[in-house]
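Read through the structure below, which is laid out as structure tokens, and then see the notes.
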Amino acid sequence: MKRIMLRVAYDGTAYNGWQIQPGGTTIEGELNKALSDLLEEEIAVIGASRTDAGVHALCNVAVFDTDTRIAPERIAPALNARLTEDIRIQESREVASDFHPRKCPTRKTYEYRIYTGKYENPIGRQYAHFVYVPLDEEKMQKAAEYLVGEHDFKSFCVAKAQVLTTVRTVYAVQVKREGSYLTIRVSGSGFLFNMVRIIAGTLIEVGRGSMEPEQVKAILEAKDRQAAGPTAPARGLTLISLEFCEKRD
């Protein structure tokens, strides 16, 4: 028995998120189906990040155990031949048998993309949220700086999330403009359900002048979902990098 790690990229538009759920097509479900067919054994992957419905990824990580004799590096191309074009394996390799992608120290980086043109751009509309009012990126960046560090992010999480703690560490938040696009890049040790999308929605409110940057500090202190801005749509969000330290004896 050996443990194989996959790096998975996907367009999440057509999927009900990563995690298997009744009545929905998911990334995890498609991987399990394709792997079971390829390896002729029942496979259930363990994913590093359970992205929401409609969210994209360039580098999510999954592991599974198998008795196959197929060389680990050959699994990626063989699996890609069985997957739809919106899911692609970027790498397959063997890892330590005790490696678990959700139990390792991790640095995850998400980008939330916003299109700020006069009218919505039909090209790329599945990968950016259209905001028709002008956004002040300098104010957004000033507000973002209040989020850096270890905080209780209860205000930036769905109200009934079932988690042991809402304390998380955010390493960096950057707001960058390139032409008509604004990108919010958030790096942290891990994120709560909808956390990055609520951060994006709150920073958009600051950018449009509905909130002052200093209010973000009060939002954190409130520990109340109603204090923060709206949850930005899923289509603008992409997991762009995931770094971890493999556990070895």
Side-chain angles (χ1 to χ4, degrees), residues 3-66 75-76 79-80 82-90 92 99-104 106 108-113 125-127 129 153-154 156-166 168 186 188-201 225 228 230-242 244:
R3 178 157 288 194
I4 305 297
M5 185 188 80
L6 305 175
R7 287 196 178 271
V8 191
Y10 49 87
D11 176 338
T13 304
Y15 298 93
N16 288 14
W18 172 276
Q19 191 172 11
I20 288 177
Q21 52 187 286
T25 303
T26 66
I27 305 297
E28 184 179 30
E30 293 302 296
L31 289 176
N32 288 348
K33 184 167 59 177
L35 281 165
S36 297
D37 177 63
L38 170 66
L39 305 177
E40 298 182 340
E41 55 183 304
E42 195 67 28
I43 299 294
V45 301
I46 302 169
S49 186
R50 298 171 179 173
T51 52
D52 301 341
V55 174
H56 319 293
L58 297 179
C59 60
N60 208 343
V61 170
V63 298
F64 64 93
D65 296 323
T66 178
I75 292 175
L79 194 55
N80 283 335
R82 289 166 167 79
L83 291 165
T84 56
E85 291 182 340
D86 50 9
I87 305 174
R88 280 292 176 266
I89 309 304
Q90 305 298 301
S92 57
F99 170 65
H100 192 298
R102 291 201 299 271
K103 295 181 180 179
C104 291
T106 305
K108 297 178 182 178
T109 300
Y110 282 90
E111 283 189 353
Y112 194 88
R113 205 158 188 240
R125 67 189 184 281
Q126 294 174 323
Y127 313 108
H129 172 42
F153 283 95
K154 189 173 183 179
F156 294 87
C157 176
V158 294
K160 296 183 179 180
Q162 296 181 346
V163 291
L164 294 176
T165 177
T166 49
R168 294 292 186 273
V186 185
S189 59
F191 298 97
L192 300 162
F193 185 49
N194 281 175
M195 179 173 160
V196 179
R197 290 167 59 193
I198 297 169
I199 287 174
R225 172 65 189 93
T231 304
R235 63 180 173 272
L237 186 61
T238 301
L239 174 63
I240 63 164
S241 71
L242 194 159
F244 51 82

Roughly how far, to the nearest 0.5 Å, is the CZ atom of Arg82 from the CG atom of Asp37? 5.0 Å
Can you list everything that forms a salt bridge (Lys or Arg N to Asp or Glu O under 4.0 Å) with Asp65? Sequence neighbours excluded, please. Arg3
Residues that Thr109 engages under side chain to side chain donor-acceptor pair (under 3.5 Å), provided they are two or more places apart: Ser187, Ser241
Ala48 to Pro101 - nearest heavy-atom pair and separation: CB-CB, 3.6 Å
Can you list every pair that meets ring pair (Phe, Tyr, Trp, His ring centres under 6.0 Å) and has a residue in residues 41-60, with sequence neighbours left out? His56-Tyr127
Heavy atoms only: give me the nearest Arg7-Leu242 pair and the separation to one decimal. NH1-O, 3.6 Å
Can you check whether Phe156 reaches Leu192 side chain to side chain, under 4.5 Å on heavy atoms? no
By salt bridge (Lys or Arg N to Asp or Glu O under 4.0 Å) - contacts of Asp11 (at least two apart): none
Judged by modelled atom types alone, do Thr26 and Arg50 share a side-chain donor-acceptor pair under 3.5 Å? no
For Thr66 and Glu41, test the side chains for any donor-to-acceptor distance below 3.5 angstrom and give the result as yes or no. yes
With rounding to the nearest 0.5 angstrom, report the CG to CD1 distance, Leu6 to Ile89. 5.0 Å
Tell me if a side-chain donor or acceptor on Arg102 pairs with a main-chain N or O of Gly47 at a distance below 3.5 Å. yes
Any side-chain heavy-atom pair of Thr166 and Phe153 under 4.5 Å: no
For Tyr110 versus Ser49, what's the shortest heavy-atom pair and its separation? OH-OG, 2.8 Å
Any heavy-atom pair between the side chains of Asn16 and Thr25 that's under 4.5 Å? no
Could you tell me whether a side-chain N or O of Asp52 sits under 3.5 Å from a main-chain N or O of Gly17, the two making a donor and an acceptor? no
Do any N or O atoms from the side chain of Asn32 and from the backbone of Val45 form a donor-acceptor pair under 3.5 angstrom? yes
Interatomic distance, Ile75 atom CD1 to Asn80 atom CG [nearest 0.5 angstrom]: 11.5 Å
List the atom of Leu58, the atom of Gln90, and the distance in Å for their closest heavy-atom pair. O-CG, 4.2 Å
Look at the side chain of Lys154 and the backbone N and O of Thr165, then say whether any donor-acceptor pair between them is shorter than 3.5 Å. no
Tell me, please, which residues at least two apart from Glu28 pass salt bridge (Lys or Arg N to Asp or Glu O under 4.0 Å). none
Can you tell me if Tyr15 and Thr84 form a side-chain donor-acceptor pair at under 3.5 Å? yes
Taking the side chain as C-beta and beyond, is there a heavy-atom pair between Leu83 and Arg88 under 4.5 Å? yes
Taking every heavy atom of Ala53 against every heavy atom of Ala234, the minimum-distance pair comes out as O-CB, 3.1 Å
Side chains of Pro233 and His129: closer than 4.5 Å at any heavy-atom pair? yes
Should Phe191 and Val186 count as side-chain neighbours, where that means a heavy-atom distance under 4.5 Å? yes
Less than 4.5 Å apart, any side-chain heavy atom of Cys104 and any of Phe99? yes
Is atom CZ of Arg125 surrounded by more than 12 heavy atoms (other residues, nucleotides or ligands) closer than 6.0 Å? no
Hey, are Tyr112 and Thr238 close enough side-chain-wise for a donor-acceptor pair under 3.5 Å? no
Hey, could you give me the CG/CG distance between Leu39 and Leu79, rounded to the nearest 0.5 Å? 8.0 Å
Interatomic distance, Ile20 atom CD1 to Ile27 atom CD1 [nearest 0.5 angstrom]: 11.5 Å
Excluding sequence neighbours, so at least two apart, what forms ring pair (Phe, Tyr, Trp, His ring centres under 6.0 Å) with Phe64? none
State, yes or no, whether a side-chain contact exists between Val158 and Arg225 at a heavy-atom distance under 4.5 Å. no
Interatomic distance, Ser36 atom OG to Glu42 atom CD [nearest 0.5 angstrom]: 4.5 Å
